[in-house]
Amino acid sequence: MVRVIAVKSKEEMGKEASAIIAAGMRQKPHYVLGLATGSTPIPLYDELVRLQKDEGLDFSTTITFNLDEYIGLSPTHDQSYRHFMNEKLFRRVNINLKSTHVPDGLAEDIEAHCAAYEAMIDDVAGIDCQVLGIGVNGHIGFNEPGSSLASRTRAVDLTEETIRANSRFFKSADEVPKRAISMGIGTVLEADKILVLASDAGKAKAVTAALEGPVTIKVPASALQLHPDVTFILTQDAAAGLTLKFRR
Ligand code: PGA
């Protein structure tokens with residue numbers, strides 16, 4: 001089933017997403033969360049931090065797997081996704097850092113590391129809830145257009161468009177790594193539940209293509225139409241292009 005929740009603000013998007021995640025965490029102690037980086041999920045992480053502080057939401061047994069990491073950046077690099085997660089969420093809640101997993105951008109044997117990452121997800125019986133942002137080109141994780149819809153965790157080349165979009169966080173586009181490790185679309189589709197967040201007018205085209213376009217390798221997020229439990233939480237500007245009423 002595809003559900004679409006349209007919200008008025010990024011804060012409301014964070015609240016809707018965190019309520020779904022918190023309900024899962026309260027039901028299942030060793031909840032396995034798939035997490036995403038980028039600007040979009042920040043209000044979600046802020047709200048999870050607030051839920052721990054004000055409502056005692058317990059992360060002590062939560063397990064996390066992040067979608068992706070730049071190849072070549074150390075975990076301490078201020079633009080690495082490990083650093084982002086530590087700053088935006090992990091160090092602000094009572095999670096055991098050993099239970100948080102982000103692909104290692106410095107892995108020597110990338111193929112073996114990717115296989116081990118997948119095996120770790122299997123060892124905890126899979127991801128209960130995967131959080132996703134969506135790229136302006138429809139990517140999920142770093143699964144760029146052209147990625148196999150059955151892809152698994154692997155090394156990927158970033159598109160020029162993604163390098164340009166992410167250069168805002170670096171001194172120049174030249175400093176943006178050109179490759180990354182990303183969970184595959186096939187990996188993502190195995191999560192029990194998927195939450196997709198988008199919060200800007202710039203995402204409207206990708207959101208519409210993902211939800212109302214054909215399932216196509218050109219728009220990696222369109223593969224989510226095949227998932228039995230996916231919820232898009234969208235600000236009104238990100239939802240502006242949608243015309244369908246989504247049904248069971
Ligand atoms: P953003 O990135 O949240 O920074 O817009 C989303 C993405 O590229 O997946």
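When a ligand or atom number is given, it counts from 1 through the structure's own listing order. On a predicted model such as this, the values are computed, not experimentally measured, just so you know. Start at 1 with the first residue, then count along the sequence. We use all heavy atoms of the structure for the numbers below, so side chains are in, but hydrogens, waters and symmetry mates are not.
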Check the orientation of Tyr81 and Tyr70. Use parallel for under 30°, tilted for 30 to 60°, and perpendicular for over 60°.
tilted

Cut-off 3.5 Å, side chains only: do Arg168 and Ser39 have a donor facing an acceptor?
yes

The residue among Lys10, Lys53, Lys88, Arg92 that forms salt bridge (charged side-chain N to carboxylate O under 4.0 Å, His left out) with Asp46 is Arg92

Pocket residues of ligand 1, ordered first by chain and then by residue number (heavy-atom cut-off under 4.0 Å):
Gly38, Ser39, Thr40, Gly133, Ile134, Gly135, His139, Arg168, Lys203

State whether a side-chain donor-acceptor pair under 3.5 Å links Arg82 with Ser74.
no

Over 12 foreign heavy atoms within 6.0 Å of NZ, Lys218
no

How long is the straight-line distance from CG of Leu33 back to CD of Gln130, given to the nearest 0.5 Å?
8.5 Å

